Amino acid sequence: MQIHKVKKAFVKFRCRSCHTRDEIPTNLPQFVPLPFDSFKFFRFPIFIVLKAFVLYFKAVSLRSIRDSLNIKVSHVAIYKWILKLSCFFSILVPVDAFKVHGDETVVLFKSKKYYVWFLVDHETNLIVAWHVSKYRDMGQVKILLEVLW
């Protein structure tokens, strides 16, 4: 995704291939001090680091995140923030969480491309859900997840 528009209250992102759009508000809530000592080694305030973390998981590129934060920071630093916070938030995930991995592959049938989407269980490596489509976009992923749930 790339930055499409920057407004006072939000930043609009747009996907280059499927042109889906997403808005991220720029007005952040007031800073709430967190009791965790693991956050004290960040150079920037934690709400900026958390904003970058949320943007990353909304499929925004690291350089687009850097541009939307309006601070002087490298994309490598943002990547390191995400690694640190991912380790921290992995502690909060329940042990009995249902984990699946997604994958897609291309199949040629009568000289036409079709995409086969799979969801595979993490523990047993069994296929939990699958979906065949002509397109490779987020709409097909949503259909696959609806089949699962």
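Being a predicted model, the structure only gives us computed values, none of them experimental. The basis for the numbers below is simple: all heavy atoms, side chains too, and nothing from hydrogens, waters or symmetry mates.
- The closest side-chain heavy-atom distance from V120 to D103 is not below 4.5 Å.
- Qualifying side-chain contact (heavy atoms from CB on, under 4.5 Å) partners for H101, counting only residues two or more places apart in sequence or in other chains: H122.
- S68 and L55 make their closest contact through OG-CD1, 3.5 Å (heavy atoms, listed as atom of the first residue, atom of the second, distance).
- Tracing side-chain contacts under 4.5 Å through hydrophobic residues (I, L, V, M, F, W, Y), one reaches I48 starting from F57; they form part of the same cluster.
- Remark: F109 pairs with no residue by the ring-ring contact (aromatic ring centres under 6.0 Å, His included) rule, at least two apart or across chains.
- For the pair R14 and T20, the minimum side-chain heavy-atom distance is 4.5 Å or more.
- Taking both residues in full, the closest heavy atoms of T124 and D121 are given as OG1-OD2, 2.9 Å, listed atom of the first, atom of the second, then distance.
- One hydrophobic cluster holds both Y79 and I46 under the rule that ILVMFWY side chains link at heavy-atom gaps under 4.5 Å.
- Rounded to the nearest 0.5 angstrom, L50 CG and F44 CZ are separated by 14.5 Å.
- L144 is not connected to F118 by any chain of hydrophobic side-chain contacts under 4.5 Å among Ile, Leu, Val, Met, Phe, Trp and Tyr, and they are in different clusters.
- Under the 4.5 Å side-chain heavy-atom criterion for ILVMFWY residues, a single connected hydrophobic cluster contains both L85 and L83.
- With values rounded to the nearest 0.5 angstrom, H75 atom NE2 is found 11.5 Å from D67 atom CG.
- Listed by chain and residue number, Y115, W117, H131, Q140 satisfy the side-chain contact (heavy atoms from CB on, under 4.5 Å) test with S133 (two or more places apart in sequence, or in another chain).
- What you find for D137 and C18 is that their closest heavy atoms are CB-CB, 4.2 Å.
- Scored by the side-chain contact (heavy atoms from CB on, under 4.5 Å) test, S17 finds C15 as partners (sequence neighbours excluded).
- By the salt bridge (Lys or Arg N to Asp or Glu O under 4.0 Å) test, R136 is found to be paired with E104, residues two or more places apart in sequence or in another chain being considered.
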Derivation of the side-chain contact (heavy atoms from CB on, under 4.5 Å) call for V76 and L62: CA-CA 8 Å; V76 177; L62 294 173; over 6 Å; no

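- L145 and V116 end up in different hydrophobic clusters when Ile, Leu, Val, Met, Phe, Trp and Tyr side chains are linked at under 4.5 Å.
- Here the side chains of I78 and L69 are in contact, with some heavy-atom distance below 4.5 Å.
- Shown here are the side-chain contact (heavy atoms from CB on, under 4.5 Å) partners of V54, two or more places apart in sequence or in another chain: K58.
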Test ring-ring contact (aromatic ring centres under 6.0 Å, His included) applied to W81 and Y56, step by step: CA-CA 11 Å; W81 293 349; Y56 179 77; over 10 Å; no

